[in-house]
Amino acid sequence: MDNKIGLKEAISIGIGGMVGGGIFAVLGLAVSLAKGGTPIAFLFAGILALITSYSYVKLSKKYSDRGGTVKFINQGFGKSVFSGAISNLLWVSYIIMLSLYASAFGSYAPNLLELTDQKAFDFHIYASAIIIFATVINYYSIAIVGKIESYAVIIKLVILIAFIFIGAYGLIGNPNLTQLAISQWENPIKLFAGGMVIFVSYEGFELIANAAPDIIHPEKNIPRAYYYSIIFVIILYIIIAFVTVGSLPFQKIATAQDYVLAEAAKPMLGKIGFSIITVAALISTFSAINASLLGGSRVNFEIAEDDELPHHFLAKLWNHPVGLMVTAVSTLILVNVLDLESISTAGSIGFLIIFGIVNFIGYRLSKNTGGKKVIPLAGFVLCLIAVTILIIQQYQSNKIGVLVSMAIIGFCFLIEWIYKKTESKK
């Protein structure tokens, strides 16, 4: 029973996975895309996550495995080039998420301590340093990673909930409240596209799938863990978006886009509030990097174990899968090359495709899982629509983000096809 996970712990895995660096990284981006309709954009993304979680619930109960999403993909499509490529895409999407968190860390940290006269240079120093530091901790002790996670979840939730209450009080008589009026919303297509760009802020619920074999009373607790954590996070994000848009003029949000949550604490609490939220952002993004490094290296190991990546990835480097180092180095490159919107777009496209496929598997295997067909089918169709709208909208404003995403997907399929070809020749 020592290794078993109760409902509370399972919910905190889901909440911790979602409320990582995501909200700190993408809130400003969401406002720039959806304007006064930002709370609605978060609602759109949350509803899609909630529909997708139905497939995860059914698959987690039937095919409970620490491989989580990787195992579901193999269950749905067998060990083929397609399933291997999608599993590789999951691993790469982890790397993209790590870049997003490191990017948020690099944006917030210089506000506390400037290292040079140039913020852009400071950004690269901090973003790189935090990845290296988290990698060292992962190599040193996985137990420490777990401890950091359990404390970080509590700290960031306490600070975010305090921000909501103090910020809500500060909205009384605030002239910026008019920004939330429907006349200030972007059109429905842009609102939906805005929600999909920031979809990465919800993807962490899929970590519950990896913990499913250890959850006690799985029949009852697996569904509760998914649904409770996602509903809680939807409400949290909507209120944070509401308080932020009602607190600051759009102009100021645009100027402080990369650290907007700290800026939103200023009207009520001044420099102290700004500093507290900055510290919360640093703790959150650091804990998210820590957990995602571990998760990413495990995904990589699972894929290699399933013969969908070369067995070199099963090798150990300092008693850890070599994938940990590959994941860390890839993240370092990505965060120093791409901008925030391109990273967020690439991550959202990756996860929307993966979740669309998991929904399709949920639909396909509904007889085996005892689930309804209509919900996974709706999830699959919605993910397809979401990816299409996101690509079209972002192609107009952020061509690089879309091209990077397409290149990553193509690369995942090409690598898998080459690997399978050379293996069959052997």
Side-chain angles (χ1 to χ4, degrees), residues 18-52 89 92-104 107 184-205 233-234 237-238 240-241 244-245 250 253-254 256-261 285 288 334-335 338-356 382-409:
M18 286 181 277
V19 189
I23 184 70
F24 294 98
V26 301
L27 181 60
L29 180 61
V31 179
S32 73
L33 294 166
K35 297 287 188 284
T38 303
I40 305 300
F42 274 107
L43 178 64
F44 281 154
I47 289 168
L48 187 51
L50 198 56
I51 291 169
T52 301
L89 181 61
V92 175
S93 297
Y94 262 99
I95 294 168
I96 293 166
M97 289 308 300
L98 277 159
S99 310
L100 187 76
Y101 301 148
S103 174
S107 298
Q184 297 289 325
W185 295 10
E186 284 290 2
N187 64 56
I189 295 287
K190 267 198 171 172
L191 272 187
F192 188 72
M196 292 312 107
V197 168
I198 54 162
F199 186 74
V200 285
S201 57
Y202 284 103
E203 59 75 35
F205 73 84
V233 170
I234 290 173
Y237 284 174
I238 288 172
I240 287 172
T244 304
V245 175
F250 287 137
I253 292 172
Q257 184 176 317
D258 295 345
Y259 52 90
V260 71
L261 210 56
T285 47
L334 211 57
V335 77
L338 290 182
D339 65 355
L340 180 71
E341 190 169 356
S342 298
I343 294 170
S344 192
T345 300
S348 287
I349 288 173
F351 276 106
L352 283 168
I353 289 170
I354 291 156
F355 287 166
L382 277 171
C383 284
L384 271 185
I385 294 168
V387 168
T388 309
I389 289 175
L390 178 57
I391 289 171
I392 292 167
Q393 195 275 328
Q394 282 290 293
Y395 192 74
Q396 292 160 6
S397 61
N398 179 26
K399 212 171 272 186
I400 290 173
V402 174
L403 293 175
V404 166
S405 307
M406 296 301 110
I408 286 168
I409 294 161

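Nothing fancy with the numbering, it's 1 onward along the sequence. In what follows, every heavy atom counts, from backbone to side chain, and hydrogens, waters and symmetry copies are set aside.
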### Message
Would I240 and F42 count as a side chain to side chain contact (heavy atoms under 4.5 Å, CB included) here? Give the steps.
### Response
CA-CA 10 Å; I240 287 172; F42 274 107; over 6 Å; no

### Message
If we check side-chain contact (heavy atoms from CB on, under 4.5 Å) with L27, which of these qualifies: V260, I253, V245?
### Response
V260

#### Entry: L29: which of V197, I343, T38 passes side-chain contact (heavy atoms from CB on, under 4.5 Å)
V197

### Query
Is there side-chain contact between L338 and S99, with at least one heavy-atom pair below 4.5 Å?
no

#### Entry: Validation row: Q394, S405 side chains within 4.5 angstrom (heavy atoms)
no

### Query
Residues in side chain to side chain contact (heavy atoms under 4.5 Å, CB included) with A193, at least two apart?
I389, Q393

### Query
Should we say atom CD1 of I400 is surrounded by more than 12 heavy atoms from elsewhere, each under 6.0 Å from it?
no

### Message
I need the minimum non-hydrogen distance between S397 and E341, along with the two atoms involved.
### Response
OG-OE2, 4.2 Å

### Shortest non-hydrogen contact between A41 and A34, atoms and distance
CB-CB, 4.0 Å

#### Entry: V335 vs Y101 side-chain heavy atoms within contact, under 4.5 Å
no

### Task
Calculate, to the nearest 0.5 Å, the distance between atoms OG and CD1 belonging to S103 and I96 respectively.
13.0 Å

### Whether Y237 side chain and G46 backbone form a donor-acceptor pair below 3.5 Å
no

### Message
Could you measure the distance from the CD1 atom of I23 to the OG1 atom of T285? Nearest 0.5 Å is fine.
### Response
13.0 Å

### Query
Considering only heavy atoms from C-beta outward, does the side chain of I198 approach that of L33 to under 4.5 Å?
no

### Task
May I ask you to decide if I47's main-chain N or O and Y202's side chain share a donor-acceptor pair within less than 3.5 Å?
no

#### Entry: pair T345-Y395: side-chain heavy atoms closer than 4.5 Å
no

### Message
Please give me the minimum heavy-atom distance between A386 and L48, naming the atom from each residue.
### Response
CB-CD2, 4.1 Å

### Task
For residues K35 and E186, determine if any side-chain heavy atom of one lies less than 4.5 Å from a side-chain heavy atom of the other.
yes

### Query
Between atom OG of S93 and atom CD1 of I409, what is the distance when rounded to the nearest 0.5 Å?
8.0 Å

## Note on the structure
S201 and V26 have their tightest heavy-atom pair at CB-CG2, 4.0 Å

### Message
Nearest 0.5 angstrom please: S344 OG to L390 CG, how far?
### Response
8.5 Å

### Query
What's the spacing between E203 CD and F199 CZ if we round to 0.5 Å?
8.5 Å

### Summary
With sequence neighbours left out, the residues meeting side chain to side chain donor-acceptor pair (under 3.5 Å) with S32 are none

### Query
What's the spacing between L334 CG and M97 CE if we round to 0.5 Å?
12.0 Å

### Query
Taking the side chain from S107 and the backbone from Y259, do they hold a donor-acceptor pair closer than 3.5 Å?
no

